[in-house]
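What follows is a short report on a single structure.
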2 protein chains.
Amino acid sequence: MKKRVNELTGVKEIARRANVSIATVDRVLHNRKGVSKQTKEKILSIIEELNYEPNLLAQRLASRKILRLATLIPEISKETSFWDAPLKGIEQADKEIKQFGIIIDKYFYDQNKIESFVEQTKIILESNPDGILLAPSFIEESVRFTDKCRELNIPYVLIDSDLPNGGSLSYIGPNLYHSGYLAAHLVSYLVKNGEKILIVNISREIDNHHHLLKKEEGFRAYFDKHKKSDNILKIDIRDTDLKSIEKYLSNTFNENKDIRIVFVTNSRVSKVAHFIESSKKDVILIGYDFLKENIEYMDKGIIDFLVCQKPKQQGYRGLISLYQHLAFSSPVEKIYFMPIDILTKENSAFYRN
Amino acid sequence: MKKRVNELTGVKEIARRANVSIATVDRVLHNRKGVSKQTKEKILSIIEELNYEPNLLAQRLASRKILRLATLIPEISKETSFWDAPLKGIEQADKEIKQFGIIIDKYFYDQNKIESFVEQTKIILESNPDGILLAPSFIEESVRFTDKCRELNIPYVLIDSDLPNGGSLSYIGPNLYHSGYLAAHLVSYLVKNGEKILIVNISREIDNHHHLLKKEEGFRAYFDKHKKSDNILKIDIRDTDLKSIEKYLSNTFNENKDIRIVFVTNSRVSKVAHFIESSKKDVILIGYDFLKENIEYMDKGIIDFLVCQKPKQQGYRGLISLYQHLAFSSPVEKIYFMPIDILTKENSAFYRN
DNA sequence: CTGATTCACGGGTACGTTAACGAATATATT
DNA sequence: AATATATTCGTTAACGTACCCGTGAATCAG
């Protein structure tokens, strides 16, 4: 199946029609100077007329530009493997666009150490990248960092959580409030009169905690709206080790005998599941994120629902957006909310993160 | 940010190291004949050593090949707008790969007329395409068609439903059985003792019906496994107009007073919703597919859950798979089950089809 | 009027790959 | 031995765009 492709397209054709060289057309296309107003207009009208679209392949091939992108996300800790997924997405994007002249440098910080975050941002700025992908766990420091980026004219994309200062090229991540709202909607089907609902926040860092509160807010908003908010309990657990968690839970359950639904506001739900399993409570358990340990408890029937927001996609999309913006200055959605996926024992096998 | 790229890569470098011309390297890369065993092995080892990956940009740019793909899916009918989504996916893929020298011809058939299907397959075969994307509504005829394709060495990808004869390059679509199973799992949370569950199959064509049965089978299997299958009713409706459907439903509800859950096995759930709404029944309604009319009823609270399987993605992925297989002979997943998405009023706004 | 500077533009090479064409050598046939 | 046929390989021109470098003309300073 070999054939000659359209001959009346491309810079060559434009040049021919305008009676100029392709170099001049190129100048017009890239808005460079050195073209008289007359010729420029003529060429522009021909471009319009031909409905010219540059050949992306040839464009990238000919461009000697190298784009350097930096990514900054939490390192994968023993506490939670959550950040494994975005990293996978980053690696996939890396693989796909590497040959297009993109170099991706990956940086990581410790979610429990603000200093490590600040340190990495400094290193990144020194490396002077063309674009940045950031998971801004620490709000204040992230705001400072991104403000600096804007000063330096370095576009950045945020994933996982947004920042109040605006100015990002794009935010790609969950709508936390709505994911809580959705969870409440699910719960509303499951809870019966008189039964109690327990909200569990588990997080050591205040900043992360802030995100959890958004979910809790959405969750409560649902019940407020539907006028049945009177039976909601809540505990905040500031230690992330299993023992502390189980102690807290144990106390709470002892004091409240009719807890029927437990809503854990982040991926640590597997630790709660461990408690539920060993203490043989009969409750419905809802939590967050498609993690191995969570799936295991779901398969066992301990966790009933997981809410998930495609963390891998977040990393992947974030980089692709940066790339397209920098390489083709193609428009980027300012806010891209991830779908809010509901996982159960019966559909998790088909899930694509 | 301009820079010289890696000089020690590419066919040129391979040729240099092997003391041959790039043409010979090219021959080896494409497994063409005309290379002595010795040189071939030498070149192969160098390729291995260099970990050579061809530059896709240059590859596509230099290739004068034009690939012609054909797609055959149902036309969009007034009865259901379901096929709008896969078409959108096809169009998106078209847009993306058009400039890579791919031409996509779209064919459509009437889901209620087998002849129209057969006719289109003939036209397609006459056009002798390089690859085919097929939604095989009519099983027997599709088997015949795809058998023919294999004879002619034309790779084809199936979407939406699979065929028994095997031999497709890939199947991209739902696992019907499991989507029914999942629905049952959801229902199991919602149904209380003594309440009845009603399964509703609505379809005129026998072939489509076959697909519905798969879902029903999965649905029932769940309750069989959990030993509570005694309260399941079912009706088959062979007319797709609103009036007939409402009559059937009305009768069924009159005869069974304690129906609490209604499970509609396809996207016609909005018609059932219309009945439920006007007759003011208090039931939980579960159905299929992210269609405008369905979403509307979900927003109103009439439909509780929709199960959905990314129909747009199916069209998109199908074409991309064909393209990658034909252009780069890259491996393709033989079976790609779509995720089984659960939609409710609260997450549908974020859904990406 | 001369030399310098700026402007407007064209020539040409490069990006990494494909593939048509044909040259050189080896092997088979008579 | 002469010719025919295969086998193995190199040269070279594309593909469509980017961009360096150079040239001639116009403009300006003195």
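So you know, we letter chains A, B, ... as the sequences are listed, proteins then strands, and number each from 1. Hydrogens, waters and symmetry mates are skipped; everything else that's a heavy atom, side chains included, is used.
Atom CG of B:N55 is separated from atom P of D:dC15 by 18 Å (rounded to the nearest Å). For the pair A:L29 CG and D:dG16 P, the computed distance is 15 Å after rounding to whole Å. A straight line from CG of A:N31 to P of D:dT17 spans 17 Å, rounded to a whole angstrom. Distance CZ (B:R60) to P (D:dT17): 16 Å, rounded to an integer number of Å. Across the protein-nucleic acid pair, A:I14 atom CD1 and C:dG10 atom P stand 14 Å apart, rounded to whole Å. Rounded to an integer number of Å, the gap from A:K12 NZ to C:dG11 C1' is 14 Å. Look at CZ on B:F100: it is 16 Å from P on C:dT17, rounded to the nearest Å. Whole-Å rounding puts the B:L61 CG to C:dA19 C1' distance at 14 Å.
The side chain to side chain donor-acceptor pair (under 3.5 Å) search around A:K88 returns A:D84, not counting sequence neighbours.
Residue-to-nucleotide proximity on DNA chain D shows that, of A:D26 and B:A62, the 5′-proximal contact is made by B:A62. Residue order along DNA chain C, read from the 5' end via each residue's closest nucleotide, puts A:V25 first among B:L57 and A:V25.
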Protein heavy-atom contacts under 4.0 Å, written 5' to 3' over nucleotides 6-11 of chain D as B (base), S (sugar-phosphate only) or - (none), form the string --BBBB
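B:Y109 and B:S137 are linked by a side-chain donor-acceptor pair at a separation below 3.5 angstrom, with hydrogens and angles left out of the test. Looking at B:E13 and B:Y52, their side chains never bring a donor and an acceptor atom within 3.5 Å of each other. Side-chain contact check for B:D105 and B:S127: no donor-acceptor pair (N or O, by modelled atom type) lies under 3.5 Å.
By the 6.0 Å contact criterion, NZ on B:K95 is open, its count of non-hydrogen atoms from other residues, nucleotides or ligands being 12 or less. Within 6.0 Å of CD on B:E53 lie no more than 12 heavy atoms contributed by other residues, nucleotides or ligands.
Residue-level contact check: A:Y52 touches the backbone only, with heavy atoms under 4.0 Å from sugar-phosphate atoms and none from bases.
For the pair B:H30 and C:dT18, the criterion of a side-chain N or O lying under 4.0 Å from OP1 or OP2 is met. For D:dA18, one of the phosphate oxygens OP1 or OP2 lies less than 4.0 angstrom from a side-chain nitrogen or oxygen of A:Q59.
The salt bridge (Lys or Arg N to Asp or Glu O under 4.0 Å) contacts involving residues 150-173 of chain A comprise A:D147-A:R150, A:K148-A:E151, where partners must be two or more places apart or lie in separate chains.
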